[in-house]
Number of protein chains: 2
Amino acid sequence: MLTSKSSRPTPERLLDAAEKLMRTVGLASATTKAIAREAGCSEAALYKHFANKEELFVRVLMERTPNAGPLMAALQAGPGDPGAGVEEALADIARHASLFYADAMPMAASLFADPALLTRHREGVQQLGTGPHVVLDALAGRLRRERDAGRLGPDADPRTAAALLLGACFQRAFFLHFSGAHVVQPVEEFAPAVARSVWAAIR
Amino acid sequence: MLTSKSSRPTPERLLDAAEKLMRTVGLASATTKAIAREAGCSEAALYKHFANKEELFVRVLMERTPNAGPLMAALQAGPGDPGAGVEEALADIARHASLFYADAMPMAASLFADPALLTRHREGVQQLGTGPHVVLDALAGRLRRERDAGRLGPDADPRTAAALLLGACFQRAFFLHFSGAHVVQPVEEFAPAVARSVWAAIR
DNA sequence: CGGGGGTGGGTGAGTATTCACTCACCCCCG
DNA sequence: CGGGGGTGAGTGAATACTCACCCACCCCCG
């Protein structure tokens, strides 16, 4: 019974619960009582493991951020592989970026409701040298390398191209949550279209 | 003294106050008491003019949305004017879009903290047949007309190009508020760069 | 023409509820 | 038996919202 779900340590369950509530009912309704109930423990237990509610949220944002791994992997792979075309790689990146942003959007946007929490999170994040812009930097760097390897036009603008591709995916994720799935194209047709147009801009 | 500031009707002052607080201290701290104090009236007066706090917020979001006028004007102007190049028009659109999104971002993103409020707002907005996607539709339509007039390449993808340009401006606005001004390019260099790359993709 | 009374807008002082957070206490494992 | 992890029952503060009341204004009727 080592793997029974109740064996999962309480702090983890609290982080899980907080994340789940932030995604579903929203930051405003993610109260300490609701989080404790969702985690299956008492409110007082929360304060045995976290100094206060804000610390819990900050740790959720730092540790339970949607998994950027696949996206970063898609960003780093590629340039050494001359078999795959750049456009296909861009489509793959657009696919991963669309999924990642769709995942991250609700929690990230929630922070705008509480500027104090946003500031705390920003400080923690920039002390770690990370942040949402690393994705953009990674794609820009990747494109710069592609250009230097002669696979892009010599006057291509890697940073701007990266901003275009990721920005389109980002805004699509926003529409998805803000207006509903019916106003956005499905990823399977969106990602290749985006890749095609960006590729046309830099080849 | 008809134009004295206290002559501004109370409901307007409440809407002003609510908007200001949403922008500055955030939706979470925009309490009825704070709004009333900011508007210079009592809390009870708020309930003479609005059924509840949510109705006040919804009306702020519907009526005090950042002015999309200049952006929509920049989007509609142009195709009849053969003197101006498409790229310059795109740069102008990118400039206006960057400003508009930077203005709208805090209030729009705040909604993610309260999904119930988001749903109410979505319903109100789509009953009016509007929404954030109209900007994208307008630019896509504009580009389609340019293409049909032969000023773009015949296989240009207007909808995707619009998503790229506006998405880049949208994400820039997000970075601006989320991470600070130091991680984004100034508009004066960002807008032309975006326009140049998009133009390269569709010409 | 004067005054009685409805009315829209405003207020101060509440109310019930909910919030984040605390405390005294307990259980059980090493 | 000591202490980390857990709890039930609070605490004061803050929240959204209400209530009784007020006042200036206007309309209309005697």
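Just so we're on the same page: letters track the sequence lines, and every chain starts at 1.
- The side chain of B:S42 lies closest to C:dT11 when the candidates are D:dC17, D:dT15, C:dT11.
- More than 12 heavy atoms of other residues, nucleotides or ligands shown are found within 6.0 angstrom of CZ on A:R64.
- Base pairing of D:dC29: its partner is C:dG2, meeting the Watson-Crick or G-U wobble criterion (both donor-acceptor distances under 3.5 Å).
- The CZ-P distance, from A:R13 to D:dG6, rounds to 7 Å in whole Å.
- Rounding to whole angstrom units, CG of residue A:L27 and C1' of C:dC19 are separated by 14 Å.
- Closest to the side chain of A:A44, from the set D:dC17, C:dA20, D:dG8, is D:dG8.
- Both A:T32 and B:K48 lie near DNA chain C, and the one whose nearest nucleotide falls closer to the 5' end is B:K48.
- A 6.0 Å sphere centred on NZ of A:K53 holds more than 12 heavy atoms belonging to other residues, nucleotides or ligands.
- Nucleotide C:dA20 has D:dT11 as its partner under the Watson-Crick or G-U criteria, with both atom distances under 3.5 Å.
- If you take CG of B:L21 and P of D:dT15, they are 12 Å apart, rounded to a whole angstrom.
- Rounded to whole angstrom, the span from the NE2 atom of B:H49 across to the C1' atom of C:dG10 amounts to 8 Å.
- Ion pairing between A:K33 and A:E43 fails under the 4.0 Å rule for side-chain N and carboxylate O.
- Closest to the side chain of B:K33, out of D:dT15, C:dT11, C:dC21, is D:dT15.
- Residue contacts shown for B:T31 are limited to sugar-phosphate atoms, with no base heavy atom under 4.0 Å away.
- Between the P atom of C:dA20 and the CG atom of A:L117 lies a distance of 13 Å, rounded to the nearest Å.
- No donor-acceptor pair under 3.5 Å is formed between the side chain of A:R147 and the backbone N or O of A:L152.
- Atoms CD (B:E43) and P (C:dG10) sit 15 Å apart, rounded to a whole Å.
- In this entry the distance linking CG of A:L46 with P of C:dC21 reads 9 Å, nearest Å.
- Of the candidate nucleotides D:dT7, D:dT18, C:dG10, D:dT18 has the atom nearest to the side chain of B:Y47.
- For the pair B:L14 CG and C:dG10 C1', the interatomic distance rounds to 12 Å; values are reported in whole Å.
- Cation-pi check for B:R122 over A:F178 is not met; the charged atom does not lie both under 6.0 angstrom from the ring centroid and within 45 degrees of its normal.
- Residue A:K53 is in sugar-phosphate contact alone, with no base atom involved, counting any heavy-atom pair closer than 4.0 Å across all strands shown.
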